Amino acid sequence: MTKQLIPYGRQWIDSSDIKAVTKILHSGWITQGPTIETFEAKIAQKVSAKYAIAVSNGTAALHAACFAAGIGPGDEVIVPTLTFTASANCVLFCGGTPVLCDIDPITLAININEAEKKITKKTKAIIAVDFAGHSAEWDKLRLIAKKYNLILIDDAAHALGSKFKGEPIGSLADLTTFSFHPVKAITTGEGGMIVTNNKNYFEKMRLFRSHGIAKTANHPLWYQEMIEMGYNYRITDIQAGLGLSQFKKLDKFLNRRRKIAQEYIKAFGKIKEIVLPPNENWTLHAWHIFPIQFKSLDRNIIFDKLLKSGIKCQVHYLPIHLHPYYQKKLGCRKGDFPNAEKYFSRCLTIPLFPAMDKKMVDKVIREITKLAS
Ligand SMILES: *Cc1c(COP(=O)(O)O)cnc(C)c1O
């Protein structure tokens, strides 16, 4: 029998999730039904936002947020280079130009001083990422946004359940996006959501999610017309049913993630070779991932050795400016963003997910301690 690998992240699906999905399948509504609104309302309430729009995935959520923000040709949007490509792709989807920016080596989120230097007359928005589930510095970002009249978008794919100085992620930017991919805090298979307090943004995104088509007043009942450009970015009721059932376990999942993270911090804090992930006291961490850095050891060798012992780590992320597409598109190259490159060359995301049992956690600690001390 081949031994089961321990992945860096994985969903938790139990019989209550299966029951919830089965119930939807029996209900007569499998898409565009009432469960979607219930799911949206739960998330909006959890993150203290007025409005929520569920969509087909986190990338569609970012696209919808950029659309709502009115990003278009000639607009620049500042994006940290250390993130998943979708955080910058969404600007290109709308015809805007992503302006990449280095990270802060402490928070691993956007470097705010550098971001401010990149602001021009064309800058319309900043997309910040709460990297690993540790919030970006939203107080400073909000000051800058106010000073230069910019829209703030929070790519919070890592950060459902995170807080900045006591305020929930989802209540701090003009638009905040979440992902429900299986490795994220809760899953709908594929899924995403945008939250906002702005009614105008909300209405634009509701159209955008469904072809830009709506029923309008003073027409026969069958009549619908296209008002905005839109896509089919809808989520299904089947997925929303799973999302609602997962949502009931969100706090349990977050607590388990925090507990495992504490065990890692206790074990690896003692090892001089290892740099722990950011954990400033002003954030309530969501611990989406646990990325460590090695001061002198070769990350790739450690990756291979851990894989051989049954632990499948990951690297988050190849910085955006090192992807061939972006080098061609934006003319960026190696050396442009030293903080992100240094982090990237040394980082390794080790397994962290709520379904990890004590045996798995102990094994990860044991194997890494063996290699790094
Ligand atoms: C997961 C993720 C996304 C995209 O979400 P999908 O649901 O996979 O489309 C975007 N940004 C970041 C930072 C992510 O981690």
Side-chain angles (χ1 to χ4, degrees), residues 7-11 39-40 43 52-67 77-94 98 100-101 103 107-110 125-136 138 152-162 169-170 173 175-195 205 208-209 231-236 239-240 242-243 246 253 257 277-278 285-291 314-321 323 326 340 343-344 347 349 352-353:
Y8 84 90
R10 187 210 286 155
Q11 72 277 15
F39 182 41
E40 289 167 338
I43 298 282
I53 286 276
V55 290
S56 48
N57 55 67
T59 304
L62 283 163
H63 189 183
C66 286
F67 175 79
V77 178
I78 299 172
V79 183
T81 190
L82 184 73
T83 181
F84 185 53
T85 51
S87 316
N89 291 349
C90 57
V91 178
L92 293 175
F93 295 163
C94 292
L100 298 177
C101 179
I103 55 159
T107 63
L108 305 179
I110 193 162
I126 298 176
I127 299 179
V129 179
D130 304 299
F131 191 85
H134 184 284
S135 70
W138 287 101
L152 283 181
I153 298 173
D154 183 357
D155 179 349
H158 297 185
L160 180 61
S162 173
I169 289 298
L175 294 139
T176 301
T177 66
F178 298 108
S179 163
F180 307 123
H181 181 275
V183 296
K184 305 290 161 74
I186 59 171
T187 191
T188 57
E190 297 278 1
M193 202 175 285
I194 317 97
V195 296
M205 292 188 291
F208 184 76
R209 166 174 74 178
Y231 293 74
N232 181 352
Y233 277 164
R234 295 187 299 260
I235 198 167
T236 64
Q239 291 166 304
L242 178 55
Q246 288 267 302
F253 288 170
R257 285 180 180 277
H285 215 307
W287 290 113
H288 163 57
I289 52 174
F290 198 92
Q314 186 51 276
V315 169
H316 294 96
Y317 295 94
L318 177 65
I320 290 185
H321 72 283
H323 284 276
Y326 273 96
Y343 164 80
F344 163 67
C347 73
T349 295
L352 173 57
F353 52 94

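Here the structure is a predicted model, which is why all the values come from computation and not from measurement. Counting starts at 1 for both ligands and their atoms, in listed order. All values below come from the heavy atoms of this structure, side chains included, with hydrogens, waters and symmetry mates left out.
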message: Parallel, tilted or perpendicular: which one describes the rings of Tyr343 and Phe131, with boundaries at 30° and 60°?
response: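 Ring orientation, 0 to 90° scale: perpendicular.
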Plane angle bin for His316 and His158 - parallel if under 30°, tilted between 30 and 60°, otherwise perpendicular: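 Ring orientation of His158 relative to His316: perpendicular.
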Taking only residues two or more places apart in sequence, or in another chain, which ones meet [X] in a side-chain contact (heavy atoms from CB on, under 4.5 Å)?
X: Ala286; result: Ser162, Leu254
X: Ser56; result: Ala60, Tyr233
X: Thr59; result: Asn57, Ala86, Phe93

query: Listing by chain and number, which residues have a heavy atom under 4.0 Å from ligand 1?
result: Asn57, Gly58, Thr59, Leu62, Thr83, Phe84, Ser87, Asp155, Ala157, His158, Ser179, Lys184, Gly191, Tyr317
- line: Closest non-hydrogen contact found for Trp138 with Ala173 is CZ3-CB, 3.8 Å
